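I have placed the structure first, in the form of structure tokens, so that the comments after it can refer back to it.
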Protein chains: 2
Amino acid sequence: MSEKTNPTRKRLVDAATKLFYAEGIGRVSVDAVAEKAGLTKRTLYYHFKSKDDLIAAYLDGRDQPNLEQMAGWFDAAEGGADKKVEAIFTNLARVARHPKWKGCGFLRTAAELAAMPGHPAVKAGARHKTNFEKWLAGALSSHDIAQSKMLAREIVLLMDGAFSSMLIHHNPDYVNAAGHAAATLVRARMAGKHAA
Amino acid sequence: MSEKTNPTRKRLVDAATKLFYAEGIGRVSVDAVAEKAGLTKRTLYYHFKSKDDLIAAYLDGRDQPNLEQMAGWFDAAEGGADKKVEAIFTNLARVARHPKWKGCGFLRTAAELAAMPGHPAVKAGARHKTNFEKWLAGALSSHDIAQSKMLAREIVLLMDGAFSSMLIHHNPDYVNAAGHAAATLVRARMAGKHAA
DNA sequence: GCTTGTATATTCACTAGTTGGTATACTTAC
DNA sequence: GTAAGTATACCAACTAGTGAATATACAAGC
């Protein structure tokens, strides 16, 4: 059976996802993950060689669902590319109000593992952020936006700033301000314009 | 003797600052802080009622030095407000290359404590970010920049995004891209202009 | 000058619980 | 019978926090 579809392994990753996101990787023991999955720790260590390995699996598993969430918000929004980009932030501000929202799991994990820059989970986070930036550049480009790569990067910076500011202030105004700034940047490059 | 200037307390906060910033608050034990300060753990618990209290003292102590660092970079830069803002990011990109750089301590602590939103250290981080935003709005305003408050917030978002992206990618290009975007936003509001 | 009292500051030794990880044995499917 | 998967029980190290004793400083009483 494939590593990815193994049902026991999936149960463990699902349990890890819930606990690691809710509490942070350092505050969750492997015992707690095993118990949440209804398995023993020894079984966990049969499927993962270490806690670090499990953390990386947790983030790898969030890459596609997160991208689809963002793309879904973008696609569902009415209006031009500026409105579609702003819709991502508007939706983000809405879900971030929920008490279970605890920021961006990729950024939080990178922050916890700042002393271990080569950690596989940090690399998984970097891959996800790169995937998002590439998807966004492609989406902007197919809406006839000039300099879509540079613009995508600026929007990613605003989004990561929004995640961080929301986490520290617990105030969605920051997320909406980022969305407004992002929409302004998009408009500045719509209809073939080019900036300095 | 004042709580702030007590030399033993200062030794403890200094030791905590080095260790917490280098390794993260969850990965540093109070024993390690006491040992680094050349004191026993029991003495630490004489000056601080808990580890959480010590973490908050660590961040409170970083507020002013960090603000002065940013203001110093801004003031020292040649040129208009756009260049001065961009200089903050340019300097940030430079110091972030150093292997000891581990991101923004305020944001990293908020990320580690995401499950405890009312934690005094998270509040200290929010205070610092607010202080920075206010200082920046004042500095922009005195350089005749319109809508300086809104602009300051946008720049703060870009800066927190730069901290986060740099931490996950370990690539200063992100910091410079944020600086470029920030300078563009400043220019759009220079000389009495106003935007949408 | 000496003693005594008191608040501050510091240490040693300890607890009770948790941590990531493992040695060994059992169970089930083929 | 063999191999994959799961369980029980365990370990040595580490964790935040504490109890009791001690050391230092400094002032008051005489």
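Here is how names work: the chains are called A, B, and so on, in the same order as the sequence lines, proteins then strands, and each is numbered from 1. None of the values given here were measured: they were computed from a predicted structure.
Atom CD1 in A:I25 sits roughly 15 Å away from atom C1' in C:dT19 (whole-Å rounding). Atom NZ in B:K49 sits roughly 16 Å away from atom P in D:dA16 (whole-Å rounding). Whole-Å rounding puts the A:K51 NZ to C:dT22 C1' distance at 17 Å. Atom CG in A:L54 sits roughly 14 Å away from atom C1' in C:dG21 (whole-Å rounding).
Atom NE2 of residue B:H119 and atom OG1 of residue B:T109 lie 9.0 Å apart, to the nearest 0.5 angstrom. Within the model, atoms CG of A:L157 and NZ of A:K129 stand 10.5 Å from one another, a figure rounded to the nearest 0.5 Å.
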Output a table of nitrogen or oxygen pairs between the protein and nucleotides 27-30 of chain C separated by less than 3.5 Å.
none

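Looking at residues 26-45 of chain B, you'll see B:L39, B:T40, B:R42, B:T43 sit with a heavy atom under 4.0 Å from some atom of DNA chain C.
The side-chain tip of A:R62 does not point at the ring of A:F106 from less than 6.0 angstrom away and within 45° of straight on. Geometrically, A:R108 engages A:Y21 in a cation-pi contact, judged by NZ or CZ lying under 6.0 Å from the ring centre and within 45° of the ring axis.
The environment of NZ in B:K51 is crowded: more than 12 heavy-atom neighbours from other residues, nucleotides or ligands sit within 6.0 Å. Atom NZ of B:K102 has more than 12 neighbouring heavy atoms from other residues, nucleotides or ligands inside a 6.0 Å radius.
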| Is there a side chain to side chain contact (heavy atoms under 4.5 Å, CB included) between B:V13 and B:H47 once you walk through the steps? | CA-CA 10 Å; B:V13 173; B:H47 292 276; over 6 Å; no
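Using cut-offs of 30° and 60° for the angle between ring planes, the A:F74 and A:H143 rings count as perpendicular.
Listed pair A:Y46 / D:dT6 fails the phosphate criterion, with no side-chain N or O lying under 4.0 Å from OP1 or OP2. Under 4.0 angstrom from either OP1 or OP2 of C:dT8 there lies no side-chain N or O belonging to B:H47.
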